[in-house]
There are 2 protein chains.
Amino acid sequence: MKAFDHPKVEDISLSTVLSALGDPIRLSIVTQLTLNEGEIGWGAIEVAVGKATLSHHMKTLRNAGLIHHRKDGTRCFVALRFDVNVLFPGVLESILHAAAQTSSASAPIMT
Amino acid sequence: MKAFDHPKVEDISLSTVLSALGDPIRLSIVTQLTLNEGEIGWGAIEVAVGKATLSHHMKTLRNAGLIHHRKDGTRCFVALRFDVNVLFPGVLESILHAAAQTSSASAPIMT
DNA sequence: TTGTATGTTCGATGCCTATCGAACATACTA
DNA sequence: TAGTATGTTCGATAGGCATCGAACATACAA
């Protein structure tokens, strides 16, 4: 039951964060995390890819320092990390706000 | 002679913008544009790639809606587009602010 | 017209990434 | 113990992207 690797705050890079959020699927995942104050289980995440691909995207978000990944039994729970807010003030807030605006007018699944 | 294609404001996508800014070279270019209020000539852009690669990155930034690309004679001038500010308020500002903070110790400052 | 300067495009190369199915590991359950 | 549920990892595939040199296009200058 090895724990997941999470980067330290000082190792979080702006380019990596933006690159991670540049993918529509990952941006959608982070948006869904925002709607939940605390953690969210894997089963509650709506995404149109298989579990192997989802695991890959989770690893990308985790390595970028955007989420915290916790395992409990056979299930996984993820939550937003707010270290990015401290490192890059306003970046995550404005992106999530913009994503909420644009995704509310269009389809939940993006192209 | 032929002008460059620029996307309309309504065609600018958040994912594309973030993906474009996710590349360190392009983020550096946009940062250098911020330091200049108006336009900046190609020759004044400091980047460690060849002109073919630079042209490619410029096209990416242009297609993302981040810059305006103008040709004057044999030379090119680029400037930040502020449509992104209208579409996604705070996104560009916070990113550029964060980039200026983190790159202040490494990246050269324009005169 | 010839040459020069500035970018763009093309072709090729190599790397990275998104995706899936299948196999594996782990933890719970009957 | 055997079975089930939940993710991770592996192998493979396909596509995209960054990079370069070379060829091309355009505009200006001599």
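Quick note on labels: first sequence line is chain A, next is B, and so on, each numbered from 1. Just so you know, these numbers use all the heavy atoms, side chains as well, and skip hydrogens, waters and symmetry mates.
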Checklist entry - Mind checking what makes salt bridge (Lys or Arg N to Asp or Glu O under 4.0 Å) contact with A:Arg75, not counting sequence neighbours? => result none
Checklist entry - Closer to the 5' end of DNA chain C via nearest nucleotide, is it A:Arg26 or A:Thr74? => result A:Arg26
Item to check | Touch class at under 4.0 angstrom, heavy-atom based, for A:Phe77 against every strand present | outcome: nothing
Checklist entry - According to a strict under-4.0 Å criterion, is A:Arg75 in side-chain N/O contact with OP1 or OP2 of C:dC28? => result no
List the atom pairs, donor and acceptor, that lie under 3.5 Å between side-chain atoms in residues 81-89 of chain B and the rest of the protein, sequence neighbours left out.
| residue | atom | partner | partner atom | Å |
| --- | --- | --- | --- | --- |
| B:Arg81 | NE | B:Asp83 | OD2 | 2.8 |
| B:Arg81 | NH1 | B:Pro7 | O | 2.9 |
| B:Arg81 | NH2 | B:Pro7 | O | 3.2 |
| B:Arg81 | NH2 | B:Asp83 | OD2 | 2.8 |

Next on the checklist: Holding to side chain to side chain contact (heavy atoms under 4.5 Å, CB included), I want the full list of residues that pass it with B:Ser94, two or more places apart in sequence or in another chain.
Outcome noted: A:Val91, A:Ser94
Checklist entry - Roughly, in whole Å, what's the span from CG in A:Asp23 to C1' in C:dT19? => result 12 Å
Checklist entry - B:Phe4 has an atom CZ; how far is it from atom P of D:dA25, in whole Å? => result 16 Å
Next on the checklist: In whole Å, I'd like the distance from the CG atom of A:Asp72 to the P atom of D:dG7.
Outcome noted: 11 Å
Checklist entry - C:dG7 C1' sits how many Å from B:Arg70 CZ, rounded? => result 15 Å
Checklist outcome for this item: Against the side chain of B:Trp42, the closest entry in C:dT8, C:dT19, D:dA18 is C:dT8
Next on the checklist: Would the distance check show the side chain of B:Ser28 and the main-chain N or O of B:Pro24 forming a donor-acceptor pair, the cut-off being under 3.5 Å?
Outcome noted: no
Checklist entry - B:Phe4: what forms a ring pair (Phe, Tyr, Trp, His ring centres under 6.0 Å) with it, not counting sequence neighbours? => result B:His69
Checklist entry - Taking only residues at least two apart or on different chains, which pairs with a member in residues 3-14 of chain B satisfy side-chain hydrogen bond (donor to acceptor under 3.5 Å, both in side chains)? => result B:Ser13-B:Thr16
Checklist entry - Within the distance-only criterion (no hydrogens, no angle test), does the side chain of A:Thr31 pair as donor or acceptor with the backbone N or O of A:Leu27 below 3.5 angstrom? => result yes
Item to check | Distance in angstrom units between B:His69 NE2 and D:dT26 C1', rounded | outcome: 14 Å
Item to check | From D:dT19, C:dG7, C:dT19, nucleotide with atom closest to A:Val49 side chain | outcome: C:dT19
Checklist entry - Which of these nucleotides, C:dT19, C:dG7, D:dT6, is closest to any side-chain atom of B:Cys76? => result C:dG7
Checklist entry - Heavy atom of residues 51-66 of chain B under 4.0 Å from DNA chain D: which residues? => result B:Ala52, B:Thr53, B:His56, B:His57
